[in-house]
Enquirer: 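The following block contains the structure, expressed as structure tokens.
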Amino acid sequence: MKVLVTGGAGYIGSVAAEMLIEAGHAVVVLDNLSRGHRAAVPPEATLRIGDIRLQQEVAGLLRSEKVDCVMHFAASSLVGESMEHPGDYFDNNVIGILRLLEAMRETGIDRIIFSSTAATYGEPRQIPIRESDPVEPTNPYGESKAISERILSWYRRVHRFRYASLRYFNAAGASEAHGEDHAPETHLIPLALEAAAGRRSHLGIFGDDYGTPDGTCIRDYIHVCDLADAHIRALELLEQLDGKDEAVFNLGNGEGYSVREVVAAVERVTDHEVPVRNLPRRPGDPARLVASAERARAVLGWRPRRTTLDQIVGDAWSWMQRHPDGYES
Ligand SMILES: NC(=O)c1ccc[n+]([C@@H]2O[C@H](COP(=O)([O-])OP(=O)(O)OC[C@H]3O[C@@H](n4cnc5c(N)ncnc54)[C@H](O)[C@@H]3O)[C@@H](O)[C@H]2O)c1
């Protein structure tokens, strides 16, 4: 199959592109390099630099490359930034998917796998969180993904599109070739590793008075290679869908780890201390976010394989040691 991977120069998209190629698929990456890296695109993939919002260009690409289906990773994804610039988030994420879907409709491509997020749930009603729980995002980023899911659902109902929406919890870890290189970096594990390596003076811990055993927030960390594996399985599932089924899946480990547990794992793995500074809570940070991934297990046959915190942190650390300055720009 030939797969268009939007955002394939980014963190998760580049690992998915790598695993698609390993599985024997052909990959075309579409990325505007606003946050991604040319060097993150696997050499076997074709890189087309462009923006998903330019419908005619995307349609031309889908036609000329004879694409069969789309994995859609390209988005803006920083919660804090979305609270400052909501318009930019709705523009890139909502207008982005709309233009992409229209380009697909124009060219007769009706299969898409979408990167959604735990941020669609907002403050959880129960732990673990299930797909049937209310979607009540508390920031424009989560809202942009929730709106995208509604749009996808209408394209399914009206145009018979086949889609899977994968709601990731906290992506972490690295493959051999691909790792996390965000600027600015906002994710806990790379920040803690940078602090351990002395590349950052300290790690800020936002709140230590939550109702959790050690007072810090609990999150569900899922290895980026396990995420990519779920995408390949979802691609196979799309073959069996007939446009009648909703396919929304949580992707998480089902295990929660506190910020302090992550810090301890980073100290174990790196054998360096992580200097920490306790800071006030951030508004809108729920105490716990842990997935029920039962549906993905049952329907996709998906089993996360790199589940221990030390393994996830260890892979991120190995990649960081091989790429101390991130990707070559
Ligand atoms: N990283 C996580 O923990 C996490 C969790 C939940 C959901 N997600 C979602 O997964 C997807 C990938 O996340 P990531 O961490 O790899 O992000 P990333 O920023 O590393 O990658 C996104 C890529 O999309 C590209 N891009 C952005 N807007 C574009 C546009 N208009 N046209 C073309 N390319 C564009 C960027 O240049 C970048 O290469 C995103 O949709 C994100 O919302 C990520």
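What you see is a predicted model; the values in this text were computed from it and never measured. All ligand and atom numbering here is 1-based and tracks the order in the structure. What's counted below: heavy atoms across the whole structure, side chains too, no hydrogens, waters or symmetry copies.
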Enquirer: So which bit of Arg53 gets within less than 4.0 Å of ligand 1, heavy atoms only: side chain, backbone, both or neither?
Expert: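 It is the side chain that touches ligand 1; the backbone stays farther off.
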Enquirer: Distance under 6.0 Å and angle within 45° of the ring axis: does Arg156 meet both against Tyr163?
Expert: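 Ring-cation test returns no.
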Enquirer: Given Ala172, Ala75, Gly13, which one has a non-hydrogen atom that is nearest to atom 22 (C) of ligand 1?
Expert: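 That would be Ala75.
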Enquirer: Under a 4.0 Å threshold between the charged nitrogen and the carboxylate oxygen, would Asp91 count as salt-bridged to Arg53?
Expert: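 Result for this pair is yes, salt bridge flagged.
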Enquirer: For atom 40 (C) of ligand 1, what is the closest protein heavy atom, and at what distance to 0.1 Å?
Expert: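 The answer is Phe73 O, 3.1 Å.
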Enquirer: Have a look at ligand 1 and work out which part of His182, if any, has a heavy atom under 4.0 Å from it: side chain, backbone, both or neither.
Expert: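 Within the 4.0 Å criterion, His182 contacts ligand 1 through side-chain atoms alone.
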Enquirer: Using heavy atoms and a 4.0 Å limit, tell me yes or no: is Lys145 in contact with ligand 1?
Expert: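 The answer is yes, since Lys145 has a heavy atom less than 4.0 Å from ligand 1.
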Enquirer: Any ion pair linking Glu236 and Arg233 (charged N to carboxylate O, less than 4.0 Å)?
Expert: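 Salt bridge: no.
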Enquirer: How close does the nearest protein non-hydrogen atom get to atom 7 (C) of ligand 1, and which residue and atom is it?
Expert: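 The answer is Ser116 O, 3.2 Å.
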Enquirer: At less than 4.0 angstrom from any non-hydrogen atom of Ala9, what atoms of ligand 1 do you find?
Expert: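 Going through ligand 1 atom by atom, the ones under 4.0 Å from Ala9 are 39 (O).
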Enquirer: Using a strict cut-off of less than 4.0 Å between a Lys/Arg side-chain nitrogen and an Asp/Glu carboxylate oxygen, indicate whether Arg306 and Asp229 qualify as a salt bridge.
Expert: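 No salt bridge links Arg306 with Asp229.
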Enquirer: If we check side chain to side chain contact (heavy atoms under 4.5 Å, CB included) with Thr120, which of these qualifies: Lys145, Glu143, Glu136?
Expert: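 One option only clears the test, and that one is Lys145.
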Enquirer: For atom 35 (C) of ligand 1, what's the nearest protein heavy-atom neighbour? Residue, atom name and distance, please.
Expert: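 Among all protein heavy atoms, the one nearest atom 35 (C) of ligand 1 is Asn32 OD1, 3.2 Å.
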Enquirer: Do the two ring centres, one from Tyr168 and one from His231, sit under 6.0 Å apart?
Expert: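 Yes, they do, as the ring centres are separated by less than 6.0 Å.
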Enquirer: Is it the case that atom CZ in Arg63 sees more than 12 heavy atoms from other parts of the structure closer than 6.0 Å?
Expert: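 Counting neighbours around CZ of Arg63, more than 12 heavy atoms of other residues, nucleotides or ligands fall under 6.0 Å, so yes.
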Enquirer: In plain terms, say whether Asp110 and Arg162 are close enough for a salt bridge, that is, a side-chain N and a carboxylate O under 4.0 Å apart.
Expert: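 A salt bridge links Asp110 with Arg162.
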Enquirer: Could you see which bit of Tyr141 sits under 4.0 Å from ligand 1, with heavy atoms only: side chain, backbone, both or neither?
Expert: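 Just the side chain.
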Enquirer: Does only the side chain of His187 get under 4.0 Å from ligand 1, or the backbone, or both, or neither? Count heavy atoms.
Expert: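 Side chain only.
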Enquirer: Which of the numbered atoms in ligand 1 are below 4.0 angstrom from a heavy atom of Gly36?
Expert: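 The list of qualifying atoms is 36 (C), 37 (O), 38 (C), 39 (O).
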Enquirer: Within a 6.0 Å radius of atom CE on Met83, are there more than 12 heavy atoms belonging to other residues, nucleotides or ligands?
Expert: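 Not buried by this count: 12 neighbours or fewer within 6.0 Å.
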Enquirer: Taking N or O atoms only and a 3.5 Å limit, does Tyr168 qualify as a polar contact for ligand 1?
Expert: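 No.
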Enquirer: What do we get for His37 next to ligand 1 when only non-hydrogen atoms under 4.0 Å count, side chain, backbone, both or neither?
Expert: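 Neither part.
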Enquirer: Pick, from Asp31, Val29, Leu78, the option with the minimum heavy-atom distance to atom 36 (C) of ligand 1.
Expert: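 Shortest heavy-atom distance from atom 36 (C) of ligand 1: Asp31.
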Enquirer: If we only consider heavy atoms of Thr6, is any one of them less than 4.0 Å away from an atom in ligand 1?
Expert: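 No; Thr6 lies far enough from ligand 1 that no heavy-atom distance drops under 4.0 Å.
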Enquirer: Can a donor-acceptor pair be found between the side chains of Tyr141 and Ser76 at a distance below 3.5 Å?
Expert: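 Ser76 and Tyr141 do not have a side-chain donor-acceptor pair below 3.5 Å.
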Enquirer: Any heavy atom of Gly96 sitting closer than 4.0 Å to ligand 1?
Expert: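 Outside the 4.0 Å threshold, so no.
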Enquirer: Please list the nearest protein heavy atom to atom 32 (N) of ligand 1 with its residue and the distance rounded to 0.1 Å.
Expert: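 Here the nearest protein heavy atom works out to Ile52 N, 3.1 Å.
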Enquirer: Any non-hydrogen atom of Ala118 lying under 4.0 Å from ligand 1?
Expert: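 For ligand 1, residue contact (heavy atoms, under 4.0 Å) with Ala118 is absent.
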Enquirer: So which protein heavy atom does atom 3 (O) of ligand 1 come closest to, and at what separation?
Expert: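 Nearest neighbour among protein heavy atoms for atom 3 (O) of ligand 1, to 0.1 Å: Ala171 N, 3.1 Å.
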Enquirer: Considering heavy atoms of the protein only, find what lies nearest to atom 44 (C) of ligand 1 and give residue, atom and distance to 0.1 Å.
Expert: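 Its nearest protein heavy-atom neighbour is Ile12 CD1, 3.6 Å.
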Enquirer: Looking only at heavy atoms, what is the nearest atom pair of Asp220 and Ala291, with distance?
Expert: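 Where Asp220 meets Ala291 most closely, the heavy atoms are OD2-N, 3.1 Å.
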Enquirer: Considering only protein heavy atoms, which is closest to atom 28 (N) of ligand 1, and at what distance to one decimal place?
Expert: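 Ranked first by proximity to atom 28 (N) of ligand 1 is Asn92 ND2, 3.0 Å.
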Enquirer: May I ask you to check whether His72 has an N/O atom sitting below 3.5 Å from an N/O atom of ligand 1?
Expert: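 N/O-N/O distance below 3.5 Å does not exist for this pair.
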Enquirer: Looking at Lys2 and Glu65, is there a salt bridge between them, counting it only when a charged N and a carboxylate O are closer than 4.0 Å?
Expert: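 Yes, this pair counts.
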Enquirer: Taking only heavy atoms of Thr117, which atoms of ligand 1 are found under 4.0 Å from at least one of them?
Expert: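 Listed by number with element: 6 (C), 7 (C).
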Enquirer: How far is atom 21 (O) of ligand 1 from its nearest protein heavy atom, and which residue and atom is that?
Expert: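 Checking every protein heavy atom, the shortest distance to atom 21 (O) of ligand 1 gives Gly10 CA, 3.4 Å.
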Enquirer: Other residues, nucleotides and ligands only: do more than 12 of their heavy atoms fall within 6.0 Å of CD on Glu328?
Expert: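 It does not: Glu328 CD has 12 such atoms or fewer within range.
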Enquirer: May I ask you to check if ligand 1 and Ser76 share an N or O to N or O distance below 3.5 Å?
Expert: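 No; every N/O pair is 3.5 Å or more apart.
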Enquirer: In terms of relative ring orientation, are His323 and Tyr327 parallel, tilted or perpendicular, with 30° and 60° separating the classes?
Expert: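 Geometry flag for Tyr327 against His323: tilted rings.
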Enquirer: Just jot down the ligand 1 atoms closer than 4.0 angstrom to any heavy atom of Leu33, in number order.
Expert: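 Every atom of ligand 1 under 4.0 Å from some heavy atom of Leu33: 37 (O).
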